[in-house]
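Here is the structure we will look at.
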Amino acid sequence: GAGVSQTPSNKVTEKGKYVELRCDPISGHTALYWYRQSLGQGPEFLIYFQGTGAADDSGLPNDRFFAVRPEGSVSTLKIQRTERGDSAVYLCASSLRNSGGSPLHFGNGTRLTVT
Amino acid sequence: GQQLNQSPQSMFIQEGEDVSMNCTSSSIFNTWLWYKQDPGEGPVLLIALYKAGELTSNGRLTAQFGITRKDSFLNISASIPSDVGIYFCAGYHGSSNTGKLIFGQGTTLQVKP
């Protein structure tokens, strides 16, 4: 079956611009996660959805970052007034349920470059 | 924030050799996961561990959940060139039942044919 799909795979934008990154989770997975991975580092948690609601957004770095999942499936991560420090690979993952033991299945990420 | 200390940071080995890497935490984790990431791709789950002391194998890979719940190791036996990549440990903090998976900083493995 299809895995987690993320689009675009690469995004180059100018400082100050607005970007949207899309994630299509595995069908039937109720939990969806966004992580950010900087070069040479492990992924860092941003936000987690259970269904349509954000259950934990404690990893969002500031109010320029926002994510939605209006129908409990596809999710969009939105970044306003982008800064060069936002450059990273943004990974989306989904899992079958939201329990602490449910493994995450990751997409291939969107590589965001802010110039 | 919560940190997982993963070591070694990198390894360069000969094909056929065994590999061992580990992960430690200052606090308890109730699940340990090991992922592998290839360039340009997302992490792929290798092994999941759910109970202290659990020893689980997946082909040439073996991982254990430490008795103290504060550590885990991953062994790869008889390495082959396709084992090249970055290996991450990850875990759910003992007090958390949400999706906030904490990752180590990764071990980069290079295999010389």
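Naming: A, B, ... by sequence-line order, numbering from 1 per chain.
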N/O donor-acceptor pair under 3.5 Å between Tyr48(A) side chain and Leu101(B) backbone: no

Joint cluster assignment, Ile47(A) & Ile26(A), ILVMFWY side-chain distance < 4.5 Å: no

Aromatic contact, Tyr35(B) with Phe106(A) (centres under 6.0 Å): yes

Side-chain heavy-atom pair Leu104(A), Pro43(B) within 4.5 angstrom cut-off: no

More than 12 heavy atoms from other groups under 6.0 Å of CD on Glu17(B): yes

Leu55(B) atom CG, neighbour heavy-atom count above 12 within 6.0 Å: yes

Enclosure of Gln105(B) CD (heavy-atom neighbours >12, cutoff 6.0 Å): no

Heavy atoms from other residues, nucleotides or ligands near CZ of Phe73(B) exceed 12 (cutoff 6.0 Å): yes

Region of Gln9(B) in contact with chain A, defined by heavy-atom distances below 4.5 Å: neither

Ser9(A) versus chain B, the contacting section by heavy-atom distance below 4.5 Å: neither

Taking every non-hydrogen atom, the tightest pair across Lys100(B) and Tyr35(A): C-OH, 3.9 Å

4.5 Å side-chain heavy-atom contact, Phe88(B) and Gln41(A): no

Within 6.0 angstrom of Gln14(B) CD, more than 12 heavy atoms from elsewhere: yes

Interface moiety of Glu44(A) toward chain B, non-hydrogen atoms closer than 4.5 Å: neither

